[in-house]
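Here's the structure, in structure tokens; my notes come after.
Naming: A, B, ... by sequence-line order, numbering from 1 per chain. As the structure is a computational prediction, the values presented were derived from the model and not from experiment.
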Amino acid sequence: MSYSVPEVPGQDIAADDAPRSSSTGWPLWEVFVRQRRGLSHVHAGSLHAADVETALQNARDVYTRREEGVSIWVVPSGEIHATDPYDADAMFEPFADKPYRHPTFYEIPDEVGYM
Amino acid sequence: MTQTTAGETRFQTTIDADDKVEPRDWMPEGYRHTLIRQIAQHAHSEVIGMQPESNWITRAPSLKRKAILIAKIQDEAGHGLYLYSAAETLGVSREDLVDQLHTGRQKYSSIFNYPTLTWADMGTIGWLVDGAAIVNQIMLQQTSYGPYSRAMVRNCKEESFHQRQGYEIMLTLSRGSAEQRALAQDALDRWWWPSLMMFGPPDSESTHTEQSMEWKIKRMTNDDLRQKFVDMTIPQAEYLGLTVPDPDLVWNVEREHYDFGDIDWDEFWTVIKGHGPMNRERIQHKVGAWEDGEWVREAAIAHSEKAAARAADTIDARGAA
């Protein structure tokens, strides 16, 4: 269920919902689910739990209620290290100057057949 | 001329290309605030929405219906969790969100401030309330914020069961005794207008719609979504042999849409402002559950700290030996 709840005039909450940095509750975990054998674990979402055992149990209840997986990883969110989105262009631009990495760069005569 | 930063340009390019904005991208503060407010309200609605239904768990008419109702309510809890997680990617903590709900600074859908008086209400909620939710959430799968969009994809996969089980309850009642048919009609009479109000105020009075559409947070306006819901639902009501409580409802051949009567917006605002039939009880129950669970949250942390300390001692002991 859901919904679009309008703001009530005179109840501006903008100042209150400003981002806060710390959380005093249970730590945050990232959940990765292997959909079936032969596939990689894929990020499904996150959840809060006091320890690794309850994180795994909660992950089962939250992310695999309908046979979405056969294996779950949980990782403390703080342990995930990521590339900077602002460096993405420089980091992921190999095609522009290295087209020879791709098979279509090479011309093979039709007579040779599928390669 | 205003100075445009690299972040702003990148944000606008992403929006224009119908691409998704991700948590660590630069975004305007207004975009972040709008999303926090909207996603939090959506999450709160899922969580508060468990209350009107849990009212009927012990009185479900069969073991099958009881099991289904419990599964549906568990899904609502799950939907709340997907949404809180999406909101947290915007830099707000779970505790803050919960606190804002408990202190009335953030809202939830007005629909959950109505009481569930009969078993037929379980059917009507699944059919109409979840039906309305689906219309909104299908649109929100296309929202510009990645984590919100992914949460909606997950929600929508599960929501269809909710609507179908509700419609099936209505079907059973409407094919039953005269008393059962009367229950079904009574529930439709009470839930029809509040369901239409779920889409929010008319576009002419919706303060956020224009900006939200520009940012592609919303992809359709409140009135367009409401029209889509009415068009979908009327044939379903006719199939049940039930009558929607609106004397002005008529198929408009030119528009190829149903025309429907005026919504009582005074009622809507009264409920939003906290004066609906169940507002106080819903929040009291929610705060009570949170306070009753305090010792569990503390015990779980204490246990995890003890376990970690024990593990460290074992390592020390091995090191010493």
Step-by-step side-chain contact (heavy atoms from CB on, under 4.5 Å) determination, R37(B) to H208(B): CA-CA 11 Å; R37(B) 195 192 69 249; H208(B) 298 291; 3.1 Å; yes
Go through A49(A), A44(A), S77(A) and name the one with the most non-hydrogen pairs under 4.5 angstrom from chain B. A44(A)
Using the side-chain hydrogen bond (donor to acceptor under 3.5 Å, both in side chains) criterion, which residues pair with S160(B)? Sequence neighbours excluded. none
Quick one: list whatever passes side-chain hydrogen bond (donor to acceptor under 3.5 Å, both in side chains) with R282(B), sequence neighbours left out. none
Using non-hydrogen atoms and a 4.5 Å limit, figure out which bit of T54(A) sits close to chain B: side chain, backbone, both or neither. neither
Heavy-atom distances under 4.5 Å only: say whether E53(A) touches chain B with side chain, backbone, both or neither. neither
I'd like to know if R66(A) pairs up with D75(B) as an ion pair, taking the criterion as any Lys NZ or Arg NE/NH1/NH2 lying under 4.0 Å from an Asp or Glu carboxylate oxygen. yes
Quick one about H42(B) and Y148(B) (side-chain donor to acceptor, distance below 3.5 Å, no hydrogens or angles considered), yes or no?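 Side-chain D/A pair, Y148(B) to H42(B): present.
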Would you mind checking which part of D99(B) comes under 4.5 Å of any heavy atom in chain A, side chain (CB onward), backbone (N, CA, C, O), both or neither? neither
Given heavy-atom pairs under 4.5 angstrom as the criterion, report whether the side chain, backbone, both or neither of R10(B) touches chain A. side chain
With chain A as the partner, which of R154(B), E298(B), Q74(B), H303(B) has the greatest number of non-hydrogen pairs under 4.5 Å? R154(B)
